[in-house]
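Encoded as C-alpha cells, the structure appears first; notes follow it.
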Amino acid sequence: MKRIGILILLCLSLCGCSWRDAADLSAVTAGAIAQDENGYTLTAELAVPSADSAVPQSITIAGTADSIVQAIDRVGTGRDAQLYWSHARVLLLGTDLLRDGMQQTVRELTASSEVRPSVRLCAVKQAQADSILTACTSVSGDPPGFALGDSLDLAVKQSQTPDMPLYRVLDRIEADGIDPVLPAVSIQEEQAVLDGAALFSGDTLCGWLDETQTVVLCLLMQTGDTAMIYHDNTGYKLTQINTTIQADTSNTPSFAVTVTASLPCEDSEQAKSAASALRTQCIQVIKTLQETGCDALGLRRIWTAQHNSSDIDWRTAPITVHVTVRATQSTEGGTQ
Amino acid sequence: MKLSELSFTTNLDENIARMKELFAHDNTFICRIAQGRGSPALRAALFFFDGMVNNEVINESLVKPVTLWDGAPLPMDAAIAEVLHTNDCAFDPGMEKLFAAFLYGDTIVLVDGDSRPAVVNTKGFARRGPDEPNNEKVLRGPREGFTEMFMGNLSLIRRRLRTPQLCFEFMQVGSVSHTTVCVCYLDGIVDQTILKDVKRRIQNIHLDSVLDANYLNEIIRDNRASPFPTAGCTERPDIVAAKLLEGRIALVVDGTPVVLTVPHILQETFQANDDYYISYLYTNLTRWLRILGFILTLTLPAVYVSLLTWHQEMIPTRLLFSIAASRQGVPFPTFTEAVGTLIVFEILKEAGTRTPDTIGQALSIVGGLVLGQAAVEARFVSAPMVIVVAFSGVTALIVPKLRTATLIYRFFLLVCAAILGLYGVLLGLGMILAQVCHLTSFGVPYLTNLLSGETRSHTDVVLRFPWFAMKPDHRFLAGWNGVHR
C-alpha cells in the first residue's frame, strides 16, 4: 500500500497540475504588441465559440504592462475563461516597437510558456498594431487575425513572403549572424493584407521592401524552389530555383550571387527576358539591403566562413549577379 | 437416502415399491411392468422418466420382446442376451452409475427373481439441430454448431478428425449434477504436460453442479482475475478441430454448446472464424483492422479526454473551435461527460443484448439515434463526445473475444487520461502491457508468437500466411512443443 501511495504521488508530481477543460479556455487567434511611453500594449483577438454557429465570434481585448509577460497575464484579467495562446497564429509587432529593437520582446515571448515558438511574427506597416485586429472586418466569418494567419501560410508556401516564426527570429537575432526579415502587414480597404517585408539591421527596423522585391528577396534567400516575378506586366513563374552566394576567394571584399531557374515557355527569348528582369530586380534588392544595412543574405557570415575574418564592410562590397533561366520547353536557354 | 446405498432384492414387487417410494414426488417417473407368455411367465419392470426417453426404443426393444417371450423366466444377464433387443445395455453397473444413467434418460430393467439390474440406453429428449451459432457467424465456410447434446457434439468433432489419434476422455464434475466433461485431444500432437495439468485441474473442481463451460473456465484457467481470456470458447466444431490440430485441448461439457479450448493465447483473440475460409489477402486486411479496432476502442475516449483537458495545443485550431462550439452549454467537464456517455452506451448495449430481436431493433433506434440526438440537442453531451463513444463502441464489436478487457481497460485508461493526460494514457497502456506479459494459459505465455523471435511461429499471428506456406508442424503449439520437449 505504501508503494502504491508513493507511485501515485510520483505520478501526480509529474502531472504538473494543469487540468484545463477546453470549455474553460478562450483561444487566442492573433495578438498585436505595441510599445509606447506606458509600456507594452498587448491586444489579443479571441475566438469565442458560439453554440449556434460553427464559426466562432471574435472579440479583442487589451492589456498594458511594463513587460510582455505581465501584459500577457494582465490582458486576460477579469475574464471567466483563461486565455489560451497556443493557437495564436500570428503576432503583429508595431512599428515603434520594431524601431526601438525587438530583441527584448522576442526573448520574452520565447521565454513565455503561453506562446508557441512556431507563431509567426509580422511587422505592421503604416498603421497601429492593434488596428489590424480591431479595425479590420472578418473574412468569411474568420476573425481578421486568423484570416491573416491563413494568408501568411499561403504566401509562405508560394515563397511570396519570408517564413519567420518566433524561434527563427530569435535565432537570427542572437545566433545566426543573419538579419531577420519579417512579413509586413498594412490595412487596405478595411482589410489586413500582406504588404512586402520589413528589413532589420540586427533587431532594429531599418527599411521596407514592396511585394515584388519581397518575392525576389525570398528567391535570393531560397525559401522555396518556385517564385513568380513580374516585368512589364508579364509574369514569369520560375521553378527549380537554386541560389548560391559566394565570397571572392581573394581578399577583395566582393560577392557573386548565382541564380539558376527553369521557366516553362515557348521560346528562348522569353527565358532571356525573364533572366534579364530577374537580374535587374536582384541587383535592386541587394542594393536596398546594403543601403539599409540589413544582412538578410548572411554576407558577413559567408565572408567569415571563407576568410576566417569578420573584418569586412559588406554594405559597400561589390556584388555581381549571374542569372541563368532555362526554358523547359525549348532546347535553348537564355543566359545573362 | 443416498442412491448408491440403495439395493434391489430378488422380489420384483418389492423392488417396484421401493422405486415408487423413492420417486414418489416426481410425476414424470414411470414404472412399466411387462409380462411374457410363458408359464410361469417372465416378469420385468421398466423404470424411466417421461420426456427423457425414446418411447419407440422402449416399446420395440424392451416391452415388445418381453411380452412376446414365451419361454421360462430368465435371470437378468440371460434376458439381455436372449430377450431384449438392444445394442447398448449395461448389466449390473453398480448403483451409482446405474442411477446416473437412469437420471439421464436411460431405462432401468429388473426381472423377477434376480436382484441385478440392467440399464438400457433409451435417451430421447428434445434436441435442436446443429444450427450455425448466432454469435459466431461466418461469411463462408461450415455452418454447423454445437448443441446441448453431449454425444452429438463429440460426433461433430469426430466427423472432422477421422483419426485414431483423436481421444475423448470422460470425467465427472459436480457433486449433484454429475456433469460429464470430455477432455478431447489429438494424441501425438498434444503436450502431455499440459494435458496432465488440465485433467488435474478438472479433478480438483469441487462444485455441486456444472451447468455450463464457463463454470469450468473460471475455475481451471490461469490468472483468474485478469479480464483477458486465458481459455478460449467456441460453439463451432470446425474451430475445435482446428485447435486440436494445433495441439490444444478441448473440453466438451454436457448440456452446453460452448466448448473450451486451452491453452488460449492473445493471438487467437484477433483471429476470426472465417479467416481460414476466405482469401488470405482479405483476411490479413481484416485482421489488421481488428488489431487497429482494439487499440482504438481502448484508447480513443482516453485520448480525446486527454487532448481536451491537457493538450489542447495538439488539436488543430479549427477543430478546437468546432469542439468548443459544440461543448457550449454542456454542464459537465469532459471527463464526467465521457464516463457518463460510456455508461449510457454500455447500458444500451446490455439492454439490446437482453431484449428479443424484434424489440432490440426498436431499442437500437430509440437508444442510438433518438436518445443520442436528444441528448446533444438538450446539451447533456456534446456531439463530438457522442461520435467518440459511438466509434469506440462500434470498434469494440469487431473484437468480441476481448469485450471484458475492453470494457474494463477503457474506463481505466479514461481515469489515467483525466489524471495525467497523454502521459497517463501511455502509463496505463504500459501497465496493461506489463500485466499481459505476465499472463499464462496452462503454462504457455500469453504473448507466445507475438514476442517470439522464432520466425516459423509467425505464420498465423498478425498475418495469416496462405495455406501452402503454413505447414502443419509450423503451427502454434505443435511448433511450440517441439521447442520445449
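For clarity, every value in this text was computed on a predicted model and none was experimentally measured. Chain A is the first sequence line, chain B the second, and so forth, proteins listed ahead of strands; every chain is numbered from 1.
- For B/S326, no part sits under 4.5 Å from any heavy atom of chain A, backbone or side chain.
- Ring geometry, B/F228 versus B/Y446: the interplanar angle exceeds 60°, so the pair is classed perpendicular (tilted spans 30 to 60°).
- Across B/R318, B/R327, B/R379, the residue that shares the most heavy-atom pairs under 4.5 angstrom with chain A is B/R318.
- If you measure heavy-atom distances from B/I323 to chain A, you find no contacts under 4.5 Å at all.
- Surrounding CZ of B/F412 are more than 12 heavy atoms belonging to other residues, nucleotides or ligands, all under 6.0 Å away.
- Ion pairing between a basic and an acidic side chain is recognised when a charged N comes within 4.0 Å of a carboxylate O; A/D203 and A/R107 show no such pairing.
- Side chain to side chain, B/T230 and B/D222 fail the donor-acceptor criterion of an N or O pair below 3.5 Å.
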